[in-house]
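Read through the structure below, which is laid out as structure tokens, and then see the notes.
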Amino acid sequence: MTSKFLASVDKADFKHLFIEDLGWDQPTAKALSVAVEDESYSVTPIAGFHGLHVWACGSVPDRSTQAQIDREVSAISTERLIIFHNGSKQEWRWPRYNKNRGTNMSKLLVHEHTVGSDHPALERRLAKIALDIEDDISLVQLLEKMRTAFDVEESEESSKAAKIMAKLYYELEAHLPQSGTEATGNLHKISVTMTRILFLMFADDTMMWDEENLFQNFVAFETEKDGSDLAAKLELLFGVLNTDKKSRPELTGHLTRFKYVNGGIFSEDIKLPRLSAKMRDLLIEASRFDWGNISPAIFGSMFQAVKSKELRRELGAHYTSEKDILKTLNPLILDELHQEFERTKTLKDPTRPLNALRERLGQIKILDPACGCGNFLIVAYRELRELELQIMESLKAHRGDDGARTLDATLDLKVSLDQIYGIEIDEWPARIAETALHLMDRQCNLRLIEKFGHAPERLPISEAAKIHSSTVEDPEGGNALALDWLTIFPPGPENIIVGNPPFIGMSWMTKDQQRQNREVFASLVAAKGHRTGRLDYVACWYAKAFDYVKHTHAVCAFVSTNSLIQGDQARAMDPIMRAMGIGIKFGHRTFRWRSEATGAAAVHCTIIGFTDSSKIDRPRLFDYPDIDGEAIEKPAQYLNFYLLDSSLPAPLKRTTPLVPGLPKMSQGNKPWPVAGLLVSDAERPLVQADPVAAKYVRQFVQGRDMLYSNPNWCIWMPDLVSADVDSSPLLQERFERVRTERLKPSAHSVAHLADSPHRFAQIRQPRSNYLALPEVSSETRDYVPMRFLDSDVIAGNKLMCIDGAPLWLFGVLSSAMFTSWIRTFAGKLESRFSISPDLAYSAFPFVVPDSDSRPGVERAAQSVLDARDKHEDLSLAQLYKPTDMPQDLVQAHQVLDQVVDDLYQLSSPTQEERSTVLLELHHRMQLKR
């Protein structure tokens, strides 16, 4: 069907396309002849439906001429689509009206098509506006179809806007000094200039001035084409915008029509370098873009477009999508406010509760202590303003015409930018946040105009958000961990803290960030005795927020990487939170975080909302059976920091297995120093050639060796055989190397072992065949790879060993049940699972199979081993690579999972359900010991 559409398009047979293929009616309008300068253009109506007309022009003039033709057509055809075409190229122009403006101002969108080329997007658009012969739709419904088809998707617009701003940024940067003292303030100068330009372009597209495109026309008509005076003219304009009209010097041209802005945006005196024709062209082209309808997430995207990968890692900069922002804001406060609003609709006279709700909105204050470009603050402000608008509409409807006159939309607003606070370490995004909030306020006011016909005049700016940022003069001004939040965000009845603090793992933290971690947690009495030094950087924001909540009863929520609710991190955070009287109000379990920024990496995230525990009736829990899917809300009685529906604390570490009679897990043998005691594969022939030394050569396996089938060897002489050492120069030379290393000052901890150079520094070799697990295992694996080894294979200290482990024990440890345990509760080395004897194994609540269930577990465990044996050419690491596991091994593990789940009386459980059951069972067993 769609190929038929494109065939008509390429032949420029638009009448056939719209009438025969798409089912539209014959046109009722007449052809036009439009004169633009010295050219005359014929514009012909080709189809119509309920007053919406499609026009065709047999040439493709420049965009400015197209806009003039469109204005002429709009005089007789308000709703229109114009197709400009020649033999090789087509430009389909559709006027998109800003839904927030409440006026007839529009922006011409262009959809280009090259004749003869595939164009799936155009085919999809045409399919959306096809009408069935039986369709009886109104003009409103048809317009909705057209908008769905031809309004450019917001995500595409945001991406395009980011690229536009990046081009401007790089061109401006290229004109600034690149080295020396003159280059010191470059980033500051760029950030100020770019945010001013953004403000001016947005003002053009949202009727902030008294005429259309004032800034665009100022640049186009009052600056030289070579750009030679562009810098001077921009500096002059910035000064005009910062000066009250009464105090301005005598001006001419467009400058006389700019309003006084105030508010700090144009207050600083910035000296620009000489700019080029390219900069001028880019600025004019950027001004032609429609900035009035851009998602707030664009600002984060623009920020990332000009940041290096290294700097983003250093600052932990990530930009949260609007969808994820609302995942945070809705259960934190917005759902409650909307429910309160909905309740008023059931009342006969809702006036008093509606006014009370409006007053409450005016008392809410919001702080984002790592605000970046202000995405959370922008969306939060927009949502509060939108709710207030709905309340005002309800009041107006209840009061009638008389009441409408008493509701002054210019004076009676309760929600204002004065309620918005932010902290940002980097000046550039902080500047964007300040400007973006003004722009969002303008969009909200346009909605107010649409509904009430008027809105407050914001110029000159008299209210603004309070964004604290670092500057050259005050480098600590935006350091959220150094600032006193109680001072910059005074306590109030409805204080909210929300945001997306830096995603920097413990192993990535700089020395300065580690120092900040120590200082922040040292200020919390409840943190004493807990391993806070191993927490991710984001935990510092939780600590500051915990302290703030303790003094104010505020509600808070942060987006964080999911490592914070796992292992040692949750183990440290949970008791601190409880000791400070704080509880979890809601939690989003692990989901894949989606950034608005271009080229963003995937991050597994969680969201934790928390407040004074006395304020929590029943927490809300959002689960993600598919981490890329939608959340499913589940009932919960209590949420701990693991986001498990359990009031139980973290599991207790143990030196012996929780279940009596089970074999212990121990670390393998530590060869120190390795030189002398270990034998590489290349060295082995030489050592084996010594008949005495050859008697002591054993296979030596560390965790990585086992996973990747790396051959390694060692000299194993736990008990000294003096006669053999005396008769072997090779052994003497090797043991002397060991003795020398152990006597060095840097090795004082093993100096006492210098007289026993034949022995490993630590000896814990199993006496019988044993089950070996790696000390660390990748968090991406579904199962922990492990293997049975013979007793004469020497286990290294990077192996965890269970001497004489039965087959059923291998089965339980090789199941998803054990993986759930270590994923949730075990420690981490960087992001990898740490398999420790005390927490990963000894604290695990094994359900020992009885005589009836044991054969089934053993059969399933043996099936896993048999499946692995069929792939002898693959290492354990290859066998357990998540995307490449052999199908027969996957199936064997699935059967094993089901058998082990049955032991715990679970049926097809999720990871969280397994973890919850295991935690409860652990504490029940612990009480019996």
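Under 4.0 Å is where a charged nitrogen must lie from a carboxylate oxygen, and between D441 and R458 at least one such pair does. A salt bridge links E633 with R620: at least one charged nitrogen is closer than 4.0 Å to a carboxylate oxygen.
A cation-pi contact, defined as under 6.0 Å to the ring centre and within 45° of the axis, links R196 to F238. Cation-pi geometry between K585 and F610 is not satisfied (NZ or CZ under 6.0 Å from the ring centre, within 45° of the ring normal). The cationic group of K327 does not satisfy the cation-pi geometry with F586, failing either the under 6.0 Å distance to the six-membered ring centre or the 45° limit from the ring axis.
Closest approach of E388 and V415 over heavy atoms only: OE1-N, 3.1 Å. Nearest approach of H438 to E434, heavy atoms of both residues: CD2-O, 3.2 Å.
A donor atom on one side chain and an acceptor atom on the other are not found under 3.5 Å apart for N242 and S267. N562 and H604 share no donor-acceptor pair across their side chains, judged by distance under 3.5 Å alone. With 3.5 Å as the limit, one finds no donor-acceptor pair spanning the side chains of N213 and R288.
For NZ of K167, the number of neighbouring non-hydrogen atoms (other residues, nucleotides, ligands) closer than 6.0 Å is 12 at most. Counting heavy-atom neighbours within 6.0 Å of E211 CD, excluding the residue itself, gives a total above 12.
Remark: aromatic rings of W209 and F258 are close, center separation under 6.0 Å. Side-chain rings of F489 and Y548 approach one another, their centers coming within less than 6.0 Å.
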task: Check the pair Y537 / Q516 against side-chain hydrogen bond (donor to acceptor under 3.5 Å, both in side chains), numbers first and verdict last.
output: CA-CA 9 Å; Y537 194 39; Q516 292 174 354; 2.4 Å; yes
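Partners of E476 under the salt bridge (Lys or Arg N to Asp or Glu O under 4.0 Å) rule, at least two apart in sequence or in another chain, do not exist in this structure. Annotation: side chain to side chain donor-acceptor pair (under 3.5 Å) contacts of H338 (sequence neighbours excluded): none.
The only option from K365, Q363, R360 that meets the side chain to side chain donor-acceptor pair (under 3.5 Å) definition with E494 turns out to be R360. When the options Y542, F376, F503 are evaluated for a ring pair (Phe, Tyr, Trp, His ring centres under 6.0 Å) with F558, the one that passes is Y542.
In this pair, Y624 and H588 present their aromatic rings tilted. The plane angle is within the 30 to 60° band.
The side-chain heavy atoms of L214 and D204, taken from C-beta on, include a pair separated by under 4.5 Å.
At least one donor-acceptor pair closer than 3.5 Å links the side chain of S470 to the backbone N or O of I425. Between the side chain of E457 and the backbone N or O of L459, at least one donor-acceptor pair lies under 3.5 Å. In this structure, T193 contributes its side chain and I190 its backbone to no donor-acceptor pair below 3.5 Å.
Within the structure, salt bridge (charged side-chain N to carboxylate O under 4.0 Å, His left out) contacts touching residues 542-564 (residues at least two apart or in different chains) do not occur.
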